[in-house]
S.K.: 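This is the structure, below, for whatever I ask next.
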Amino acid sequence: MSKEIKISGAEAVIRCLLEEGVDLIYGYPGGAIMPIYDELYKFQDELTHILTRHEQGATHAAQGYSRVSGKVGVVTATSGPGATNLVTGIADAQIDSTPMVCITGQVASHLLGSDAFQETDIIGISTPVTKWNCQITKAADIPVVLAKAFYIAKSGRPGPVLVDITKDAQFELMEFKYSKCTFLRSYKPVPDFSINKIKNASELINKSKKPLIVWGQGVILGNAENEFKDFVEKTGIPAAWTILGLSALPTKHPLNVGMVGMHGNYGPNVLTNECDLLIAIGMRFDDRVTGNLNSYAKQAKIIHLEIDPAEINKNVDVDVAVLGNVKETLPLLTSFVKSNSHDSWINKFNSFYKIEYKKVIKNDIYPSKDGLTMGEVIKEINEASNGDAIIVTDVGQHQMVTCRYANFNKSKSNVTSGGLGTMGFALPAAIGAKMGAPKREVVAVIGDGGYQMTIQELGTIFQTGCAVKIVVLNNEFLGMVRQWQQMFFEKRYASTEMINPDFITIAKGYNIEAKKVDKRTDLKNSVQEMMKSSKPYFLEVRVEKEANVFPMIPSGASVSDIRLE
């Protein structure tokens, strides 16, 4: 506990951040938060502030930072439009369970409700997309509320928290003391687990002949990668991943059978409806994973290991629910299961992979046609990085292709917008990821559409020198929407074709080395040159305009109805 001293509310905010071990924040100043920024100036040797070019960029940067470092991302913004510009990133963090504390300035308390200049009810606006939020009108409340904010953001199933502080509270003097929050009445972030439920789950696993594991980000958020690997290897069960679970188990692990979901691998999707036991670990049965719920794994017993009780039986009814943090529950489950192998069952996955390789994968990564494919670009990134890079993706065709083909040796290597599907996510998130893991290579793979939604964050790279590698896969279309228009709307390409600027000139305007590739003969050397650079680098690759991503489960169809063409 700190010694009591009299300071302003604004200085209290900074001291609270330091007490929580924060050393890096993202934000954008303005009138209502100016007292806090004045204190930031005084503490700049202890707390680094990254000036993004838009408040949404600050939230995505904080997400990227959090996802690779495991720390709470911190964002600051002013009132009114500054606060509302945070909402997309907050919503993204909420659905993808990313711990983040957003601190917004607000008009003086006597002006609340008067429609004052740059006054917006950010508490009302953000309530549906935050784990918790609070408005502070008295300086004395700042330490207690911020301690609570950090505890809620990072405990249990993590998520974003917003704290709104009126300008007069920032100026007001107070006696400062800080105690970290470790308990809140009526808030139980990690539910107690039942040893009987774990034993029941183990009995189902031991009896199963055709089990399948589907794991999600809960394994990563629980720091349970080693426990998960031990469980997979002892049981010998094939394991498939959701896109947010990707990298928890090395891509080339022999029991890693690929991705489930709309553009996932052929075998894991089809065999979801043939397995006799489905073991869901740290995932939430998202609609993009399950397809039509009326025909999802109806033949199987289902075990669900989950930290959030609200996810149990929400979308899919389960036979055994094991609540708790998987870092605690998985080792117990592993101790009760028998060592096993499922060779004939795994061979079935291998057979489906051979079909998918022949019809889809080979053409994606070793194309015979002239036009460059997204898949072969990812293949070259794999070779240049040896599977050790962090890859940050935006949303669209390139996202699905990258998740399908990227190789990862380490956890916390795949950063993407999952549940919300936020175009514009990748560029600022890659900045945050590089700052969260400065010794690792960070590659942002982005489509030409999403890139232009937050292209201004090149200014953040210019100002900080953040050595992000940016790869824009340019097909001059909003590719995923165009694919749906081709397949389901008789090729009526309504407002999806892009007339793009000269990306190379723009990058060079921000003093970023840049190169364009449109020939296969130049691709390998260009990717290797990018990866060897110690500075920010921009690579534009002109890919086929009307290529589609397969396999694909049509919207509303069963996972068994996955199409290869």
Side-chain angles (χ1 to χ4, degrees), residues 156-157 188-242 245 247-250 253-257 260 268 271-285 289 296-349 411:
R157 181 180 181 175
K188 193 173 181 64
V190 181
D192 294 329
F193 61 80
S194 163
I195 198 71
N196 288 332
K197 291 289 183 72
I198 292 172
K199 288 180 178 178
N200 292 342
S202 69
E203 290 168 5
L204 289 177
I205 292 168
N206 290 334
K207 291 177 184 175
S208 173
K209 303 299 182 186
K210 296 191 293 182
L212 172 63
I213 294 167
V214 177
W215 90 84
Q217 191 185 200
V219 173
I220 298 171
L221 293 173
N223 296 308
E225 294 91 342
N226 291 334
E227 292 81 358
F228 176 66
K229 184 170 176 282
D230 290 344
F231 173 74
V232 171
E233 291 178 347
K234 183 176 181 181
T235 59
I237 298 174
W241 39 269
T242 70
S247 85
L249 192 69
H253 191 284
L255 292 171
N256 184 336
V257 293
V260 291
L271 295 177
T272 293
N273 280 357
E274 291 188 28
C275 67
D276 60 10
L277 177 66
L278 183 65
I279 308 162
I281 303 177
M283 56 85 78
R284 58 187 181 85
F285 292 108
V289 166
Y296 181 76
K298 291 300 181 183
Q299 78 297 334
K301 297 284 187 182
I302 299 178
I303 299 168
H304 194 180
L305 282 74
E306 174 61 46
I307 199 169
D308 185 357
E311 293 296 341
I312 301 297
N313 297 324
K314 185 177 83 173
N315 295 325
V316 173
D317 290 333
V318 302
D319 295 277
V320 180
V322 178
L323 288 170
N325 188 329
V326 291
K327 192 170 184 68
E328 296 177 341
T329 58
L330 265 177
L332 289 168
L333 183 58
T334 303
S335 70
F336 288 118
V337 297
K338 298 174 182 176
S339 295
N340 207 342
S341 61
H342 298 275
D343 295 341
S344 60
W345 175 231
I346 290 170
N347 284 338
K348 202 159 188 180
F349 287 86
S411 186

S.K.: Does atom NZ of K338 have more than 12 heavy-atom neighbours, drawn from other residues, nucleotides or ligands, at distances under 6.0 Å?
M.R.: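 No, not enclosed.
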
S.K.: Once you round to the nearest 0.5 Å, how far does OG of S344 lie from NZ of K210?
M.R.: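 If we round to the nearest 0.5 Å, S344:OG and K210:NZ are 9.0 Å apart.
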
S.K.: With sequence neighbours left out, write down each residue that passes side chain to side chain contact (heavy atoms under 4.5 Å, CB included) with I346, or none if nothing qualifies.
M.R.: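 Expected list: P238, L255, N350.
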
S.K.: To the nearest 0.5 Å, what is the distance between CG (L249) and CD (E225)?
M.R.: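 With rounding to 0.5 Å, CG (L249) is 10.0 Å from CD (E225).
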
S.K.: Got a sec, which residues hit side chain to side chain contact (heavy atoms under 4.5 Å, CB included) with N226, two or more places apart in sequence or on another chain?
M.R.: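 N226: no side chain to side chain contact (heavy atoms under 4.5 Å, CB included) contacts found.
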
S.K.: Just verifying a value: how many Å separate T242 OG1 and I281 CD1, rounded to the nearest 0.5 Å?
M.R.: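 CD1 of I281 is found 11.5 Å from OG1 of T242.
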
S.K.: Mind checking whether L333 and L305 have side chains closer than 4.5 Å, heavy atoms only?
M.R.: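 In short, these two side chains touch, coming nearer than 4.5 Å.
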
S.K.: Write down the atom of V337, the atom of N206, and the distance for their closest heavy-atom approach.
M.R.: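 Residues V337 and N206, closest heavy atoms: CA-OD1, 3.5 Å.
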
S.K.: Verify side-chain contact (heavy atoms from CB on, under 4.5 Å) between F231 and V219, making sure each step is shown before the conclusion.
M.R.: CA-CA 12 Å; F231 173 74; V219 173; over 6 Å; no

S.K.: Taking the side chain as everything from C-beta on, heavy atoms only, tell me whether Q299 gets closer than 4.5 Å to C275.
M.R.: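 Side-chain contact under 4.5 Å: yes.
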
S.K.: Calculate, to the nearest 0.5 Å, the distance between atoms CG and CG belonging to L330 and N325 respectively.
M.R.: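 One finds 9.0 Å between CG of L330 and CG of N325.
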
S.K.: Looking at side-chain heavy atoms only, is the closest gap between K301 and D276 below 4.5 Å?
M.R.: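 When only atoms from C-beta onward are counted, D276 and K301 do not touch, as no gap falls below 4.5 Å.
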
S.K.: Evaluate the side-chain proximity of H304 to I312: yes if any heavy-atom separation is below 4.5 Å, no if none is.
M.R.: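 In short, these two side chains touch, coming nearer than 4.5 Å.
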
S.K.: Quick test of your reading: applying ring pair (Phe, Tyr, Trp, His ring centres under 6.0 Å), list the pairs with at least one residue in residues 322-349, sequence neighbours left out, ordered by first then second residue.
M.R.: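 For residues 322-349, and leaving out neighbouring residues, the ring pair (Phe, Tyr, Trp, His ring centres under 6.0 Å) pairs sorted by first residue read W345-F349.
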
S.K.: Hey, what do you get for CE (M283) to CH2 (W241), rounding to the nearest 0.5 Å?
M.R.: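 One gets 13.0 Å once the value is rounded to the nearest 0.5 Å.
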
S.K.: Parallel under 30°, tilted from 30 to 60°, perpendicular over 60°: which one fits the rings of W215 and F228?
M.R.: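 Rings of W215 and F228: tilted, as their planes differ by 30° to 60°.
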
S.K.: Report yes if some heavy atom in the side chain of S247 is under 4.5 Å from a heavy atom in the side chain of I220; otherwise report no.
M.R.: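 They are in side-chain contact.
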
